[in-house]
Structures are given as structure tokens and as C-alpha cells.
Amino acid sequence: MDFELKTLNRALVCSEKTDALIVLVPEGLAAGDDALSVLATLAIKSGDLELKPGKLLSAYRTPGIEATRVVLVGAGDASEKNVRTAVNAAMAVLKTSNAQRAVLCLGLLTNLQPETVRAAVVACADASYTYSTTKSKPVAAKLQKLAIAVDSLDPVQAGFDKAIALVKGIELAKEWANRPANHATPTLLAGVAKELGKLRRIKSEVLGHKEVEKLGMGAFLAVAQGTAEPLRFIVLRYEGGAKDEAPVVLIGKGITFDTGGISIKPAAEMDEMKFDMCGAASVLGTFRALAELQPALNVVGLIPACENMPGDKAIKPGDVVTSMSGQTIEILNTDAEGRLVLCDALTYAARFKPRAVVDIATLTGACVVALGGVRSGLFSSNEALAESLARAGDSSLDLCWRMPLDDDYADGLKTNFADVANVAGRAGGAVTAAKFLQRFAADFAWAHLDIAGTGWKSGQAKGATGRPVPLLLDFLLAQATSVSMAPAAPKARAAKGRAPAAKTRA
Ligand code: BES
Ligand code: MN
Ligand code: ZN
């Protein structure tokens, strides 16, 4: 969808010719004498419009208003969350109409913040997204253009720009996570990384079986050995900071299909294991957004990508493999494959001397049981890092919840046959998985996001959510804020690729 930020006060918005006008109406509306205010006040007075977030009143060819359709939506106290709810409700109405162009009026909200505009734009994009890649006759969304009408651009322009970048990232993540496994192989994911590598300040590198073997990634190789589909280890770099500045490393679990391997999963809903690369997709999406915004910091993205399949070459329960770290692992359950590919990526991450490493993974069904689809699981032994990630989740409405990492949770990972087992019992499964990863992250500040419940939706609305791209982007931008955003270099200079040096951070 095409977004535009436009200055239109209440009176002007009434004379705007468009297919649909969506008006967010807050509690305590200070009405004026324009047609819109008159309509809204009348509707509230008569009890036909409630201001609870998401309550709607639709009108058609309304006197004094040029737009064909008018949708008044209650926005409650106009918090970002309520604005998101209101926009979602209005977009659901528009989806069933023939409107091609619409105006979303935010002009009735007092003291409009950039974050509110961002929430509105992201919600619009989310509601209008449709997957069509593997349909023979794609049905294009009717709504093509959406103008966001505000009283003045200056205070909210930055929020709008950030939203546009974020939407590009979210949509890339959704697209690749939604593609079925035969249309999103490790090689195809590597192709996405290569495309991203053409964007300003981004470089990409793709390792194959030979290089991964040479690095000694025995745990990653063990998972990949069960399938004929070649593995890929993707390395992305965003270079927006000074050359000697330590990067943040993002690691995305890239299991393009998880059958469980020899410890095979039941048939019901197994198709959803095409989403087992949502972590990888979120890293790709975050790089897409970074390319738009060009913040002053360095970021590395690592994606171990392969399938987890049963077969005559597949790993067997009880097999012991040697990880890149040198630690031996007894694979008691081949379905606990995510931690196996991630542990070698964590070891690889150390070479970047990172200021922080965050892995993102659809790691455990246990996390879905614990937190459902509302919050991602956040695990970290580093207080400052955990705090920054939690805050980024709050500010972007992409919530997470801190989970424990007591050493006692690691007891079940003990085995007589290797340094560590890849599973403990059923109890506390999300935590024991994190405890396994923690053994490979001792040398840097590390956090783990379990997105098994938040990466995609099941049922009627089955599809990827693009989470946690909003959280990751806010986290990274906060890392870069003490040095205002890097100025955009002129195109000619951009080819040489180096960013202006960043100044000291707080
Ligand atoms: N990809 C799954 C986790 C998963 C399962 C995410 C269901 C979302 C919905 C992961 O590889 C897995 O299979 N984990 C096992 C671990 C177990 C064997 C210790 C699980 O959660 O059952
Ligand atoms: Mn699995
Ligand atoms: Zn998995």
C-alpha cells in the first residue's frame, strides 16, 4: 500500500475527495464547527458512537463531507494501543468495501505524538497485507492509497518515516515466513540476504556445507545431514557506525521446515512448521528496515538455515556430536534442533566482539503454553540488555516478558555420555532450552527471544506476524540514539560504502 502524510485540518479533511474517510475520535473530543466535528458530536450525543477503542459508526454520502464513506471510530484515550485497535476495526470495514483510496484523519487527537502516527501506519499496513505469492490468480487488495491526515507535519514526520521503514521490514519478514518450505529453502533465504546486500551499508556473505564443515559447526551440520536440501549459513552486516565500533549481533533460527526428524512430530498442524524460520525472517526484515533508516550503529545478522528431516542419513536419538565450541552434545530428541543450529551460530558470533548478541527463535512449544501469542519470551542474564529489549517491546507494542534463568533449570541437561544433552524433561521446557543456549553465550552479553507463540498465527488468520521486527528495530535505534541518526550520504558517495564515524555513546 502507498502511504502519504498530509497536512489537512478538520475543515480541509471535509473537502477532501476520497473513497473513504476514517476518523479517529478520542474521549473528551474538543469539537469545532466543521462538518466533521458536528457529525462526531451529534453521534456521541445520540449514543450512536461509543468512544471505546474500536467502536464504529459508518456513514455514506454525508452532507458537508466530500468523502464517499465516513467511518467514525472510537479511539478511547488515544494511547498507541487504542489507536491500533481503532485502526484495525476501521480497516476491517474498509476491506469489505470497494474503497481504493482512503484518508485516515488523526486531526481530532490532541497533542499527536510521532509514536501514535507510527502505531496507526503499522496497523493499517498490517490489516491490508495479503499473501499471494503461491496463488495462481492473486487477488490484489482493493485499497491502494492511504493518506494520513494531521494538523502539522513537523512534530510527527519522524514517526511516519520510521513507520514506513518498519512496514517494509515487517512485510519482508511476513512474506518469507509465509512462503511454504518448498518456496523458502535455505538457498532462497540466502538469495534474500544477497539482495539485501545490494542496499546501502549492507553486506552479505553466504557459507555452504564446505565452509560450515571447516568451521567445525558439528551441531548445525548434524541437523542438516538428514535432508538433501543444502544448508546455508547467512552473514549480514549493516555498517552504519565507526569501523572499530562493536556491533550488535542478531541470530535468527532458520529451520525452513521442522518435521522433528527421527523424533518425528504428529501430522496435525505440521504444515505450520514452515514457520520455523520466523526468527530468520525477522532478522532479514530488520536489515530491510535498517537500510531505510540508516542509523549510526553496526549490526551483524547470522542465520543458520536448514531443514530438519528424518531419513537414512538423519541423526538418531543418542547420537553425540561436537559443536563448534568444542562442547559435545548428546542429541536425545532430534526435534530439539533449533538449539543445535543456534549454539554454533552463538559460537560464531564471538568473532565480532559484539556489544550484545540477541537470538530470535521459534524454539519451544512450552513457550506457547507459557505466554501464548501475546508476549515473546525474553531470557537474559544481562540486566541492562534485558531492560533495553523489554523497553523496546513496550515502545513498539511488540511485547515480550522476562523469563528466569536459574542454574537449577539446567540440571535436566546433564548426561552420562556427553558434556550436555539437548533436552531436559517436559517441565519448564522454554527455560531449559534457554539454559542450553546460555552455555554457548558465556563470552558476551546475550539475550534470547522465544517467538514460538508470537511469530505466526494459527487457525483462520493463519499467517506470519512479522514479529519481533518492531521490537528489534526499536532496540537497535535506541542503541544508536546518543549519536543522532547518521546523515544520509549523497548517492555518489554511498557507493564507497563507509558511514560517517559515530561519536561516543552514553
Ligand atoms: N520448532 C519447534 C518449536 C515449536 C513447536 C514452535 C510448536 C511452535 C509450535 C522446536 O524445534 C521443537 O520442536 N521443540 C520441541 C522441544 C522438545 C523436543 C524439547 C518442543 O517444543 O516440543
Ligand atoms: Mn523441532
Ligand atoms: Zn524447530
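Both ligands and their constituent atoms are indexed starting at 1 by order of listing. The analysis underlying the following values was restricted to heavy atoms, covering all of them including side chains, and did not include hydrogens, waters or symmetry mates.
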Are the aromatic rings of Y348 and F233 close, with centres under 6.0 Å apart? yes
Is there a salt bridge (Lys or Arg N to Asp or Glu O under 4.0 Å) between D411 and K414 once you walk through the steps? CA-CA 6 Å; D411 287 350; K414 288 188 182 134; 3.5 Å; yes
Within reach of ligand 1, part of E272 (heavy-atom separation under 4.0 Å): neither
With heavy-atom distances below 4.0 Å as the criterion, list the atoms of ligand 1 near T362. 1 (N), 2 (C), 3 (C)
Specify the protein heavy atom at minimum distance from atom 8 (C) of ligand 1: its residue, its atom name, and the distance to 0.1 Å. W456 CH2, 3.4 Å
For N333, counting its heavy atoms only, list the atoms of ligand 1 lying under 4.0 Å from any of them. 18 (C)
Between D408 and K435, is there a salt bridge with N-O shorter than 4.0 Å? no
Closest to atom 19 (C) of ligand 1 among protein heavy atoms sits V423 CG1, 3.5 Å
Side-chain ion pair, D394 and R391, N-O less than 4.0 Å: no
Tell me: protein heavy atom nearest atom 9 (C) of ligand 1, and distance? M273 CE, 3.7 Å
At the 4.0 Å heavy-atom cut-off, does F436 count as touching ligand 1? no
If we number the atoms of ligand 1 from 1 as shown, the ones under 4.0 Å from a heavy atom of K253 are 1 (N), 10 (C), 11 (O)
Interfacing atoms of ligand 1 (cut-off 4.0 Å, heavy-atom, E337): 11 (O)
Let's test this: below 2.8 Å, count the protein N/O/S atoms around the Mn ion (ligand 2). 4
Mode of D335 contact toward ligand 1 - side chain, backbone, both, neither (heavy atoms, under 4.0 Å): both
Report the C-alpha separation of W456 and E272 in whole Å, then their side-chain angles, then the decisive distance to 0.1 Å, and conclude whether the side chain to side chain donor-acceptor pair (under 3.5 Å) test is met. CA-CA 9 Å; W456 77 90; E272 295 191 11; 2.8 Å; yes
May I ask you to identify the nearest protein heavy atom to atom 2 (C) of ligand 1, giving residue, atom name and distance to one decimal place in Å? D258 OD2, 3.6 Å
Considering both backbone and side-chain atoms of K265, is one of its nitrogen or oxygen atoms within less than 3.5 Å of a nitrogen or oxygen in ligand 1? yes
Quick check: closest heavy atoms across P354 and A349, and the distance to 0.1 Å? CD-O, 3.6 Å
Taking every heavy atom of S263 against every heavy atom of D335, the minimum-distance pair comes out as O-CB, 3.8 Å
Which donor-acceptor pairs under 3.5 Å do the side chains of residues 217-225 make with protein atoms, sequence neighbours left out?
from : atom 1 : to   : atom 2 : distance (Å)
Q225 : NE2    : K313 : O      : 3.0

Heavy atom under 4.0 Å from ligand 1: found in E269's side chain, backbone, both, or neither? neither
When the side chains of residues 162-174 are checked against the rest of the protein, which donor-acceptor pairs come out under 3.5 Å, sequence neighbours left out?
from : atom 1 : to   : atom 2 : distance (Å)
K174 : NZ     : D126 : OD1    : 2.5

On a heavy-atom basis, the closest approach of N422 and N333 is ND2-O, 2.8 Å
Chi angles and distances behind the side chain to side chain donor-acceptor pair (under 3.5 Å) call for D77, N82: CA-CA 7 Å; D77 64 357; N82 286 343; 2.7 Å; yes
Taking all atoms of both residues into account, what is the closest heavy-atom pair of L236 and S204, and its distance? CD2-CB, 3.6 Å
To the nearest 0.5 angstrom, please state how far the OG atom of S396 sits from the CD atom of E80. 9.5 Å
Heavy-atom distances under 4.0 Å decide this one: backbone, side chain, both or neither, for L363 against ligand 1? backbone
Give me the residue, atom name and distance of the protein heavy atom closest to atom 6 (C) of ligand 1. A452 CB, 3.6 Å
Among all the protein's non-hydrogen atoms, which is closest to atom 20 (C) of ligand 1, and how far away is it? G365 N, 3.9 Å
Is there at least one pair of N or O atoms, one from R339 and one from ligand 1, spaced under 3.5 Å apart? no
Heavy-atom pairs closer than 4.0 Å: do any link ligand 1 to the side chain of R426, the backbone, both, or neither? neither
Per side chain to side chain contact (heavy atoms under 4.5 Å, CB included), L284 is matched among V469, V192, L250 by V192
Donor-acceptor under 3.5 Å (R84 side chain, L397 main chain): yes
Search all heavy atoms of A193 against all heavy atoms of I234 and return the closest pair with its distance. CB-CG2, 3.4 Å
Measuring to protein heavy atoms, does anything land under 4.0 Å from atom 11 (O) of ligand 1? yes
Closest non-hydrogen contact found for M270 with I264 is CE-CG1, 4.2 Å
Is the F440 ring parallel, tilted or perpendicular to the F436 ring (thresholds 30°, 60°)? tilted
How many protein N, O or S atoms are found at a distance of less than 2.8 Å from the Zn ion (ligand 3)? 4
